[in-house]
Amino acid sequence: MRCASKQDFDAPDKMKCKIPVILLACGSFNPITNMHLRLFEVARDHLHQTGKYQVIEGIISPVNDSYGKKNLAAAKHRVAMVQLALETSSWIRVDQWESEQKEWIETVKVLRHHYSELLRSLPRRKEAPSSRAGSEIPTEDIATPENTAAPELKLLCGADFLKTFQTPNLWKDEHIKEIVEKFGLVCVSRAGHDPKQYIYESAILTHYQHNIHLVKNVVQSDLSATHIRQALYQGKSVKCLLPEKVISYIKEHNLYQEESKST
Amino acid sequence: MENLEHRTEVVLLACGSFNPITYMHLRLFELAKDYMNATGEYNVIKGIISPVGDAYKKKGLISAHHRVVMAELAIQTSKWLEVDTWESLHKDWVETAKVLSYHQQRLAAKSSDYSPQASPSPVLPGGKRKRNGDGQDLSEKKPSAPQKKRPPQLKLLCGADFLESFGVPNLWKLEDITTIVENYGLVCITRTGNNAEKFIYESDILWKHRNNIHLVNEWITNDISSTKIRRALRRGQSIRYLVPEPVQQYIEKHSLYSSESEDRNAGCIIAPLLKARQ
């Protein structure tokens with residue numbers, strides 16, 4: 001979807017080109033819930049209502065199995081469940097690249113991968129003179145119709161994700177910087193977390209706060225995959241918290257039957 | 001497989017605007033069923049959604065026809081929930097106690113159909129049955145005739161705000177509150193059990209029948225109110241994943257909620273308050 005039409009040359013300001021945005025969500029999705037799906041809807045509405053952006057795609061990238069989180073169901077299941085959840089979505093898709101790698105990949109690398117995929121998919125004006133096959137394509141070489149802004153890839157996350165930047169040794173400073181400088185965050189706040197606070201507590205985040213979009217999720221929900229797993233371990237109903245087809249899949253494959261005692 | 005025969009069968013009835021129905025409404029049923037079944041005393045066999053009639057005159061209430069259709073769309077894939085239109089088809093507003101009475105009679109009539117000699121059972125008082133199944137009327141059992149089935153207990157399913165509405169002046173007749181908690185019982189889903197408990201403690205009538213008021217704690221806050229749904233729609237925001245997809249599609253197809261629809265009944269007094277004045 002291109003954001004501008006040919007007649008925009010003399011278009012008044014309000015017809016000015018909108019920046020195409022792709023939202024990327026990384027995480028366990030163990031399992032995917034209606035809350036995860038809501039993040040996309042809420043983020044898209046927010047960006048559209050600024051008048052500056054056109055969200056053209058959403059990508060869900062389930063984490064690799066070797067992330068080693070407790071009770072993590074196999075990637076093939078987690079991917080399949082996301083696929084089922086997104087069957088009726090017109091703009092969000094699942095991506096298996098991250099989960100198919102041999103080992104866990106840092107978030108910044110997942111962003112870089114998807115960004116280069118994004119650039120690769122745009123039409124080229126000319127071939128790049130020097131052979132840079134396989135490596136990142138510089139933005140300047142990418143053909144964009146004159147009045148289409150360069151697309152942006154943003155990391156979609158909850159406020160609790162923002163908080164993890166504070167955890168010692170969890171993130172490399174240069175990665176945090178690259179994420180907020182080069183890509184940007186769309187951070188949807190959940191009950192009990194104040195994202196502004198996390199920004200002010202970090203020099204890097206404060207510096208790039210213009211590239212961190214804070215979205216208030218009016219429909220507050222504590223719903224998390226952890227809660228879902230708890231309910232399933234206890235034999236309780238999870239109807240209405242996840243898509244029906246995901247619930248059926250969980251039953252068919254006997255997932256989340258027992259809490260794993262080992263780490 | 002546990003033998004459920006000795007348990008008291010329960011039917012949950014939810015009254016309300018359902019304007020529109022949301023995942024939160026549907027969750028109330030799931031939470032209530034899990035809770036009641038887990039006590040070991042009850043077997044929840046059915047859930048009934050009874051949308052209020054247009055004569056209720058609440059602000060923003062769209063036509064019962066649409067609200068009923070949306071409720072039906074929402075429960076398409078459910079094996080135990082159903083929508084009932086009796087209440088909504090009345091020209092005048094029907095008190096909740098009357099809706100309960102109607103459904104209890106229906107359930108009683110149905111279960112008496114099992115046995116030719118049975119007469120409709122009286123409305124059963126609330127309270128727990130002994131686990132060793134004294135509920136079966138063995139004396140009436142004939143070898144060749146099907147066993148008479150005790151009608152299920154009908155209980156009103158609600159949120160804490162409903163319980164606390166008992167405190168709103170003139171909204172409820174004391175005799176109706178009494179009927180509801182004495183003859184039927186409440187299954188009340190609360191976010192923080194404490195407010196509801198306090199409210200029950202502070203009310204003589206609720207306290208008296210506290211054994212018939214089951215408080216179910218909803219640990220996962222799931223704040224999907226119909227009001228927020230309508231507001232989101234007016235603002236062009238997505239309601240996907242807050243309501244079942246067929247409901248969202250129906251709302252979109254018929255452009256159901258707008259500033260105009262929100263102004264319906266503006267300035268009207270809701271039916272129960274109007275009735276109290278007469």
Whatever's closer than 4.5 Å to a heavy atom in chain B on A:Gln49 counts as side chain

Under 4.5 Å to a heavy atom of chain B? For A:Val42 that would be neither

* Under 6.0 Å from the NZ atom of A:Lys216, do we count more than 12 heavy atoms belonging to anything else shown? -> no

Output for pair (A:Thr88 OG1, B:Gln249 CD), nearest 0.5 Å, gives 8.0 Å

Assert top hit (heavy-atom pairs under 4.5 Å, partner chain B, pool A:Asn34, A:Leu223, A:Thr33) equals A:Asn34

Residues 72-81 of chain A vs chain B, non-hydrogen distance cutoff under 4.5 Å, contacting residues -> none

>> Using only atom types and a distance under 3.5 Å, with no angle test, would you say the side chain of B:Lys228 pairs donor to acceptor with the backbone of A:Val218?
In response: yes

message = As a quick check of understanding, evaluate side-chain contact (heavy atoms from CB on, under 4.5 Å) for B:Arg27 and A:Ser237, giving each step before the final call.
response = CA-CA 9 Å; B:Arg27 255 330 262 169; A:Ser237 162; 3.8 Å; yes

With chain B, the option among A:Leu37, A:Val238, A:Val219 that has the most non-hydrogen atom pairs under 4.5 Å is A:Leu37

Pair count under 4.5 Å, heavy atoms only, with chain A: among B:Tyr23, B:Phe29, B:Tyr35, highest is B:Tyr23

Honestly, the part of A:Ser89 sitting under 4.5 Å from a heavy atom of chain B is both

Looking only at B:Thr77, B:Leu26, B:Leu242, B:Ile224, the option with the highest number of non-hydrogen pairs under 4.5 Å against chain A is B:Leu242

Okay, B:Ile239 and chain A: the region with an atom under 4.5 Å from a heavy atom over there is backbone

So does B:Ser238 get a backbone contact from the side chain of A:Asp45, meaning a donor-acceptor N/O pair under 3.5 Å? yes

Return yes when atom OH of A:Tyr67 has more than 12 non-hydrogen atoms of other residues, nucleotides or ligands closer than 6.0 Å, and no otherwise.
-> no

Counting heavy-atom pairs under 4.5 Å with chain B, the top scorer among A:Lys236, A:His46, A:Gln234, A:Lys239 is A:Lys239

